[in-house]
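Values below: all heavy atoms of this structure, side chains included; hydrogens, waters and symmetry mates excluded.
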Amino acid sequence: MTRQDIEKEVRAIFLREFEVENPEPDVNLREAYGFDSIDAIELLLEIEKFLGSELTQAEKKKAMDIRTLNQIIDYIERLAEKRQATAETK
Amino acid sequence: MGITILLWGYFLFGYLFILFFLFIPCYVRLKSSDAVLQKLFHIHLKCFFSLVEFLAPGIKFMIPEDVRRLRSSIIVCNHISYLDPILLVSLFPRQTTIVKNTFFSVPIFSWFLRKAGYVPSAPSEMYGPAMINHLEGIKRHLAAGGNLFVFPEGTRSHSGKLAPFNKGVFSIARYCNTGLKLVFIRHTNKLFRPGTFSFQTCEKNTIALELIASLTPDYSADQFSISTVADQAKLIFERKIAEDRRREDAGS
């Protein structure tokens, strides 16, 4: 899974779930688009679906401090790497 | 007027009695505040509505078994009176809800609410890691057989028309992987009208609850969307309100 794949998916989620078309990568989502914590929960559940695995409570809590699109992509990238590393060690 | 004073007296002093004579001894013994307080609130408000029926024989309650038996459910309701939440508390021994932030600024009462595990709607409480803690708490509450009831309009309707639905409850249901029970509330606003302090106990009135739909969204579906579920729920309530209005117009 490349960073481009992740970005494409996140943009698709924003359009489908929050009706936000092409959000700017570094703007504060809360200030620019009124993205609230309930939206953040929705996003987390979509990320779980995208990764095909549940997030731990600690991972979820970490996500609640994310502010920008780029931070979301970084977050998913790290989760995907972590899951891949875990799968390889098994 | 006398009945109103009696009802308010019972309602307010009942809470003080619960605090000093029931809650503290139970808390010391059981160490779990939320379940104890929810049960005590339930008993107190059950007695409150029995008192309403006793003092005002013209007031009837029609609560069907399928509503009374709801457990481990997320209950979505229309909101027409301040009586709605307390009526729901009187029905379910384990219950929680999302409470308007203004109630959390009332001394003593706010302490009660927090200890009972009710969730404040304040942005500061529903933001960041605290949000996850609240959601995990709701998940445990549902698993233990409790209900979460929510008014997605966020405020009481003065006109009888539905206000736009806040989609928060639908996101919570998805987070908890739970379906939704839609319960329609009728005529609580005739007993306790918005904007007044007195109970309208002289008018004949039947307060009724009805389970109008059970939604079990497929959260794993590729095209699943929270907005679609929220719209579907709102449409069901709107149809019910229109149906009720037609029936009332035909009857009058």
- Under a 4.5 Å heavy-atom cut-off, does chain B meet the side chain of E48(A), its backbone, both or neither? neither
- Query: Above 12 or not: heavy atoms from other molecules or residues under 6.0 Å from CZ of R239(B)?
  - Reply: no
- Could you go through the side-chain contact (heavy atoms from CB on, under 4.5 Å) check for E42(A) and R174(B) one step at a time? CA-CA 8 Å; E42(A) 264 316 290; R174(B) 186 183 179 192; 2.6 Å; yes
- Task: Report the distance from atom CD1 of I132(B) to atom CD of E59(A), rounding to the nearest 0.5 Å.
- Result: 11.5 Å
- chain A interface, residue from N166(B), L135(B), I226(B) that has the most non-hydrogen pairs under 4.5 Å: I226(B)
- Count the heavy atoms of every other residue, nucleotide or ligand shown that sit under 6.0 Å from NZ of K62(A), and state whether that count exceeds 12. no
- Query: When you look at E136(B) and K60(A), which way does the side-chain contact (heavy atoms from CB on, under 4.5 Å) test go after all the steps?
  - Reply: CA-CA 11 Å; E136(B) 290 297 325; K60(A) 286 175 185 169; 3.8 Å; yes
- Task: Take Y175(B) and L45(A) through the side-chain contact (heavy atoms from CB on, under 4.5 Å) test and state the conclusion after the steps.
- Result: CA-CA 7 Å; Y175(B) 187 94; L45(A) 297 168; 4.2 Å; yes
- Query: Hey, is the main chain of A221(B) close enough, under 3.5 Å, to the side chain of K49(A) for a donor-acceptor pair?
  - Reply: yes
- For F224(B), is it the side chain, the backbone, both, or neither that has a heavy atom closer than 4.5 Å to a heavy atom of chain A? both
- Message: For S220(B), which atoms come within 4.5 Å of any heavy atom of chain A: side chain, backbone, both, or neither?
- Response: backbone
- Note on the structure: Distance col, row S171(B):OG vs L44(A):CG, nearest 0.5 angstrom, shows 11.0 Å
- Item | Structural part of I41(A) lying under 4.5 Å from a heavy atom of chain B | side chain
